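A short write-up of the structure that comes next.
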Amino acid sequence: MKLLFDVHGPADPDTSFGLLLEHVVVALHNAGHDVRVIPSIKAPGELQHALTRPQLSPIVRACIDPTSRRKARRVCVFPVGWHDEHVLVPGAYALVTLWETSWMPAPWVKAANEANMVVTFSKWGKRVMLDSHLKRPVKIMPLGVNPIYGLPTDLPPEKTFLTMGRCWSGNKRKGLDLVMAAFLAHASRIPDTKLIIKGAEGDSLGIPHPRVHIIKEQLPLKRMLQLYAGCLCYVSGVASEGWGWHPHEAMMCGRPVIGHTWGGMGEFFKGNRHGWEIGYQMEDAHDDFHDDGKWTRPSIDNMVAAMDEVATNPYEAMMRGLCAHQDVRHLTEKLMHENFVKLLV
């Protein structure tokens with residue numbers, strides 16, 4: 001039976017929730033349902049800006065209808081803590097979201113409790129929501145990545161570490177500063193390695209270093225594939241992840257990960273089987289987006305030791321990367337889309 005869906009959320013393809021909205025819309029559209037997108041508008045011209053982005057899916061572009069007021073099944077795709085909590089509900093059929101600390105903000109919980117159900121992506125995320133007194137049913141479904149992130153079989157010609165994420169004064173969650181500090185300590189005694197940081201325009205990433213290459217522009221899929229294929233290991237210095245798409249993509253490409261298992265990333269990253277697990281200390285979460293609960297501060301010393309081991313034993317890194325690929329290769333976009341349809345229809 002063909003259903004009507006109105007999907008609310010950010011239509012910006014440069015954000016993780018804009019990408020998540022795209023997956024929800026494409027999944028429902030390809031399953032034969034009538035979908036319209038009601039984008040969140042925070043400033044005049046924002047919608048027009050989003051519509052000009054070449055990364056915007058043609059399906060999402062065709063479904064955008066800011067004036068839709070029809071009687072339809074309402075799905076909201078928003079990050080927890082979004083300042084327009086009132087746009088999520090009342091009466092939403094589903095709220096698709098995730099969180100990154102040990103406790104959800106009370107105003108958000110109150111708003112989410114008006115939805116029929118909440119969809120999130122890890123057992124850890126569900127536990128945090130229930131611990132924060134969310135009363136609605138919470139459904140878990142894993143995220144997936146494009147299987148085109150195939151399996152590079154050869155070691156890259158250079159010993160390159162890769163990390164990704166946004167970094168500015170009010171957003172330290174991705175921990176790029178910690179990865180940079182760890183790499184500089186590692187580079188002081190290992191001469192033939194380098195670090196690539198994939199950030200974005202406006203990021204503040206510290207003092208340049210001759211062995212650190214910073215990329216701020218948007219990259220097409222082909223170039224992203226080259227980044228993963230060209231690295232020996234992905235380094236995650238995050239305080240926490242609700243899932244962790246970039247480490248997931250790296251593992252799909254057969255690359256090991258240096259990181260911890262606290263938070264949603266522990267759903268698919270299994271420590272030393274898939275790379276090098278690092279320790280951490282718990283601390284209060286605080287930045288422009290988070291001011292509730294705790295998250296981690298990963299150990300720089302552990303990161304340095306892991307980088308040293310990767311650089312001196314690249315074949316071990318390759319074997320752990322192969323294990324990582326083997327264990328996550330079923331977590332594809334196709335499976336994710338099928339799960340969205342099962343939960344939302």
Side-chain angles (χ1 to χ4, degrees), residues 145-165 175-176 178-198 209-215 219 221-238 241 244-261 265-280 298-332:
V145 301
N146 192 330
I148 199 171
Y149 289 102
L151 177 60
T153 55
D154 298 326
L155 285 171
E158 297 180 292
K159 295 178 181 179
T160 301
F161 296 98
L162 173 66
T163 193
M164 299 189 191
L176 301 190
L178 302 183
V179 175
M180 173 78 90
F183 178 77
L184 295 181
H186 155 82
S188 67
R189 54 181 183 268
I190 306 287
D192 58 345
T193 57
K194 66 178 182 178
L195 171 67
I196 294 177
I197 299 176
K198 171 63 182 77
H209 186 276
R211 286 162 59 187
V212 178
H213 180 47
I214 299 172
I215 301 172
L219 299 179
L221 177 60
K222 182 178 179 180
R223 183 72 181 96
M224 290 293 291
L225 289 170
Q226 290 171 344
L227 277 185
Y228 287 122
C231 80
L232 185 58
C233 184
Y234 185 92
V235 185
S236 172
V238 296
E241 290 280 18
W245 252 324
H246 294 318
H248 185 173
E249 289 172 346
M251 291 166 64
M252 185 72 91
C253 286
R255 294 308 185 231
V257 171
I258 295 171
H260 62 75
T261 58
M265 204 167 108
E267 193 79 2
F268 62 90
F269 174 61
K270 303 306 178 186
N272 291 339
R273 173 172 170 79
H274 296 155
W276 280 261
E277 183 173 356
I278 60 175
Y280 55 83
S299 166
I300 292 178
D301 289 344
N302 286 180
M303 246 186 278
V304 173
M307 289 180 180
D308 290 353
E309 190 170 346
V310 170
T312 55
N313 197 349
Y315 288 99
E316 178 64 22
M318 183 178 73
M319 295 307 298
R320 296 190 193 192
L322 289 172
C323 287
H325 169 80
Q326 182 72 25
D327 291 349
V328 302
R329 63 180 181 178
H330 67 288
L331 296 175
T332 62

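Numbering starts at 1 and runs along the sequence shown. Keep in mind that what you see is a predicted model, and the values were worked out from it rather than measured. When reading the values below, keep in mind they use all heavy atoms of this one structure, side chains included, and skip hydrogens, waters and symmetry mates.
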Is any side-chain heavy atom of [Y] closer than 4.5 Å to one of [X]?
X      : Y      : value
His248 : Tyr149 : no
Val257 : His274 : no
Asn146 : Leu221 : yes
Arg255 : Pro156 : yes
Ile215 : Arg223 : yes
Ile196 : Cys231 : no
Asp327 : Met251 : no
Met164 : Leu227 : yes

Between Phe161 and His186, how do the two ring planes meet: parallel, tilted or perpendicular, split at 30° and 60°?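 It falls in the perpendicular class, over 60°.
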Backbone N/O of [Y] and side chain of [X]: donor-acceptor pair under 3.5 Å:
X      : Y      : answer
Lys159 : Ala311 : yes
Thr163 : Val235 : yes
His260 : Gly266 : no

How many angstroms lie between [atom1] in [X] and [atom2] in [Y], if you round to the nearest 0.5 Å?
X      : Y      : atom1 : atom2 : value
Leu225 : Glu249 : CG    : CD    : 8.5 Å
Ser236 : Leu178 : OG    : CG    : 10.0 Å
Arg320 : Ile258 : CZ    : CD1   : 10.0 Å
Leu162 : Ile197 : CG    : CD1   : 9.5 Å

Which atom of [X] lies closest to which atom of [Y], heavy atoms considered:
X      : Y      : result
Gly271 : Glu277 : CA-OE1, 3.5 Å
Val238 : Pro298 : O-CG, 3.2 Å
Met252 : Leu331 : CE-O, 3.6 Å
Ala317 : Trp276 : CA-CH2, 3.7 Å
Met303 : Ala182 : CB-CB, 3.7 Å
His209 : Leu184 : CD2-CD2, 3.4 Å

Trace of the side chain to side chain contact (heavy atoms under 4.5 Å, CB included) decision for Met307 with Leu232: CA-CA 10 Å; Met307 289 180 180; Leu232 185 58; over 6 Å; no
CA sep, side-chain torsions, deciding dist, call: Val304, Arg189, side chain to side chain contact (heavy atoms under 4.5 Å, CB included): CA-CA 11 Å; Val304 173; Arg189 54 181 183 268; 2.9 Å; yes
Excluding sequence neighbours, so at least two apart, what forms ring-ring contact (aromatic ring centres under 6.0 Å, His included) with Phe269?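 ring-ring contact (aromatic ring centres under 6.0 Å, His included) list for Phe269, sorted by chain: empty.
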Please enumerate all residues that pass side chain to side chain contact (heavy atoms under 4.5 Å, CB included) together with Ala187, with sequence neighbours excluded.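 By the side chain to side chain contact (heavy atoms under 4.5 Å, CB included) rule, Ala187 matches Phe183, Arg211.
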